[in-house]
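Taking it in order: structure first as structure tokens, then the write-up.
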Amino acid sequence: MWLRVATSQTIPESETLVRRLAGPSTTKAGLAKDQTEINRVIAEASKGSKFYEARTNICMISKASISEMLNKGWINLSVFPFMDIVIIAHICCHDTRKLVKLEAQRDLSQIIVHVDMDAFYASVELLDDPTLDGKPFGVGHGVLTTASYEARKFGVRSGMPSFIAKKLCPDLVVVANNFHRYTEVSRQVMDIFRRYDPNMCAAGCDEGYLNITRYCNEHQLAANDCVQQMRDMVRAETKLTVSAGIAPNKMLAKICSDKNKPNGQFKLEFDSCAIKAFMRNMSIRKLPGVGRVNERLLESIGIKTCGDIYSHRATLSLMDKQFGLNFLLQAYLGIASNVVQPGQREERKSIGAERTFSPIGDQAKILAKLEEVATELEHDMERGDWTGKTLTLKFKLDTYQAFTRAKSFTRWISTKKEDLFMIGKELLMPELPLTLRLIGLRVTKLKDLRADVQSAAGGIKRFFESAQSNSSPRKKRRLNADEEQAGDEGPSLTQDGFEDAMPGYHEHADSDELDAQIGQLDHSPLSSALPGMTTSSEHDGQSQFSLQKQPHARPPHSAPASSQNTAVASSSRVAKPVSTISNPKPQSACHTTSNSFYPGLAATVGAEVPAVGATDTALSGGSVQAQTCPICGKTIDVDNREFNDTLTSVSARKRSGKLKFLLPYSHRREGTSLTHERQLLKERPEGIRGDTDF
DNA sequence: GCGGATCAC
DNA sequence: TATGGTGATCCGC
């Protein structure tokens, strides 16, 4: 007997993508209403470009991988003498125990605030040039880093190439980035935030997390009043508006700050039931760590909202490896980290530089680019007093395929550009000839020269070491002076964490438009190519799609522009007859899906998303039938072992399947609260590109 | 240790 | 005509 644990057929991929056109992924404030028309314009403008082709291929590979995963999502139940319902019941019981355990860890004692500047770059530009007021404008060149709210009404968004933005909004004004100004203004704003929490954590230049518990206590302030006061202060001192979310943890606060954007705030009730109600209809895309790929992955088994996590917990349990059950259960409960602390310098893991340019095939010119990058990296490494043991070269072909090549050393890598260039060249030369559009260098296995010096003997010794090192002591001293003047107390950047942290290039890196376009494209030949690609992975242990990059692959030499299309074509040729994947079926509610695959499940554990009250009763270990597993505590011990064995072997199969789509580590970490800790605590104390310009 | 992939900002 | 840069981590090898 076979039990289907996946529900791929119920959600046609093309529909999934098309739905995203106007779907919840595009919930940015100030968006235009007619998303369909916007997407048509974007698709029109993009069609035929290499970028578009590349994204199309990526989309197909994703679909194929998801499809493969779902095809492998069968569990052989013949080893069990019982019916599948027993298994499901047990799984749900197991998950319920997990939920109870998680619920017990919930901490509502801290007041966490996520602050987020509204259209930060655009607002700063507006500050400096009032004539822009009321006009639709974008910031950036080539690619927009942000758009004014007027421009957003036309569908102009961050990450959009300006030529497309102009098509959507012919009157669009485009102004250049002024990173220096953003850094400056950002510092002002962060200084204000720090009055409320000196330990606040800046997350990029336009947002941050604060714990205002203490401030509220000391000033006898309600959280809402405190945050309102803080926002007023920012407005008064900088003329900028900021939105904020108030919640018991960072994840919730982040989601809340989006609720009343722009220039608003939202406080979530500090109550378990209210939080779960809040999460139930929340799109999974809002969860930190769930990007475009994971969204699709989860949608493929019918999970679109955090509430769906609960109703699909049996599936998720069986496919824990793929989905990260623990993370998702926490998300469903609205549980996450509430630890707010500034990023630490020692947390840094790598430092690098990369540059995009119009495609170059000429070797000498490529090497010249490499040298530029090496120079930039030298600057940043010396500026931050970093070195490391591994150098990674990154290059992207004109087809937008990216590759990396790395080399490790037993000694510390010299920070001199000549040496960086030489190693980089060594890595690059065997790959040529190629037509490249990007080159980058990155150093990992870092060593913090400052910490080293400090622990050794303090400032004097540091001075001597600087003098002995192969870099200019004069230069180093000057840079250090700059940083100390900025308020830094030595190596720890707890004070200024943000100082050198140039913003991410964009306010948001989302560009779902392309997926949308590709979704439209899915109606034709692409979908039919999928089954073949999927089955091709079956024939040996290796999961290799025709289009997939091979591990350690050598990039195609001077790949003709059509090479990928050729691959598609050949893949189509071996494809089996069109499968059901793209067969549009009426899309019914998720729990219906669930029922159809888990006969009896609804009766046993309730396949529908439970009402909040019901959940609570469930979690409190009450008498709700859903929680009383008919198997647990009795004969299940034996079965449990078998069951686990089965799961293990399933997991092993999954692993050998080389699935490409996995949740990020932070969401799979056992025990620790989910957290975008990585993001939140991440400090980028040194050498951001923008800084090197001044 | 290396390379591909995903994600956040 | 034309689609970014920095950093982190996981997995399979």
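So that the names make sense, note that chain A is the first sequence line, chain B the second, and so on, each numbered from 1.
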(request) Locate the shortest heavy-atom distance separating A:Ser46 from A:Ile164; write the atom from each residue and the value. (result)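 Nearest heavy atoms, A:Ser46 then A:Ile164: OG-CD1, 3.5 Å.
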(request) Between B:dA8 and C:dT3, how far apart are the P atoms? Round to whole Å, please. (result)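 Straight-line distance between the two P atoms is 24 Å.
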(request) For A:Glu184, enumerate each residue passing the side-chain hydrogen bond (donor to acceptor under 3.5 Å, both in side chains) test, keeping only those at least two apart in sequence or located in another chain. (result)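 Testing A:Glu184 for side-chain hydrogen bond (donor to acceptor under 3.5 Å, both in side chains), a comparison that skips the adjacent residues, returns A:Arg181.
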(request) Output, in order, the C-alpha distance, side-chain angles, deciding distance and verdict of side-chain hydrogen bond (donor to acceptor under 3.5 Å, both in side chains) for A:Thr390 and A:Ser408. (result) CA-CA 4 Å; A:Thr390 302; A:Ser408 292; 2.8 Å; yes
Whole angstrom value for the distance that separates [atom2] of [N] from [atom1] of [X]:
X	N	atom1	atom2	value
A:Leu397	C:dT3	CG	P	14 Å
A:Phe395	B:dG3	CZ	C1'	11 Å
A:Trp386	C:dG7	CH2	P	10 Å
A:Glu295	B:dT6	CD	C1'	14 Å
A:Glu354	C:dA8	CD	C1'	13 Å
A:Arg292	B:dC9	CZ	C1'	14 Å
A:Met381	C:dG7	CE	C1'	15 Å
A:Ile164	C:dG4	CD1	P	11 Å

[X] side chain N/O closer than 4.0 Å to the phosphate oxygens (OP1, OP2) of [N]?
X	N	answer
A:Arg355	C:dG5	yes
A:Arg437	C:dG4	yes
A:Tyr52	C:dT3	no
A:Thr356	C:dG5	yes
A:Arg442	C:dG7	yes
A:Ser408	B:dG1	no
A:Lys396	C:dG5	no

(message) According to salt bridge (Lys or Arg N to Asp or Glu O under 4.0 Å), who are the partners of A:Lys425, at least two apart in sequence or on a separate chain?
(response)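 Not a single residue meets the salt bridge (Lys or Arg N to Asp or Glu O under 4.0 Å) criterion with A:Lys425.
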Please determine, for the side chain of [X], which listed nucleotide ([options]) has the closest atom?
X	options	value
A:Lys349	B:dG3, C:dA8, B:dC9	C:dA8
A:Arg405	B:dC7, B:dG3, C:dA8	B:dG3
A:Thr404	B:dG4, B:dA8, C:dT3	B:dG4
A:Asn294	C:dG7, B:dG3, B:dC7	B:dC7
A:Pro161	B:dG3, C:dG7, C:dT3	C:dT3
A:Tyr400	C:dT3, B:dC2, C:dG7	C:dT3
A:Glu207	B:dC9, C:dG7, C:dT3	B:dC9

Which part of the nucleic acid does [X] contact within heavy-atom distance under 4.0 Å: base, sugar-phosphate only, or nothing?
X	value
A:Ser49	base
A:Ala353	sugar-phosphate
A:Lys445	sugar-phosphate

(request) Return yes when atom NZ of A:Lys447 has more than 12 non-hydrogen atoms of other residues, nucleotides or ligands closer than 6.0 Å, and no otherwise. (result)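 Yes - once you tally the heavy atoms of other residues, nucleotides and ligands closer than 6.0 Å, there are more than 12.
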(request) Determine whether any donor atom in the side chain of A:Ser46 lies under 3.5 Å from an acceptor atom in the base of C:dT3, or the reverse, and answer yes or no. (result)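 Donor-acceptor pair under 3.5 Å: yes.
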(message) Between A:Asp448 (side chain only) and A:Arg450 (backbone N and O only), is there a donor and an acceptor less than 3.5 Å apart?
(response)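 Flag set: sc A:Asp448 to bb A:Arg450 pair under 3.5 Å.
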(request) Would you kindly compare A:Lys394 and A:Phe163 by the position of their nearest DNA chain C nucleotide and give the one closer to the 5′ end? (result)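 Between the two, 5'-proximity favours A:Phe163.
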(request) For the residue pair A:Tyr182 and A:Tyr121, categorise the inter-ring angle as parallel (less than 30°), tilted (30 to 60°) or perpendicular (more than 60°). (result)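 It falls in the parallel class, under 30°.
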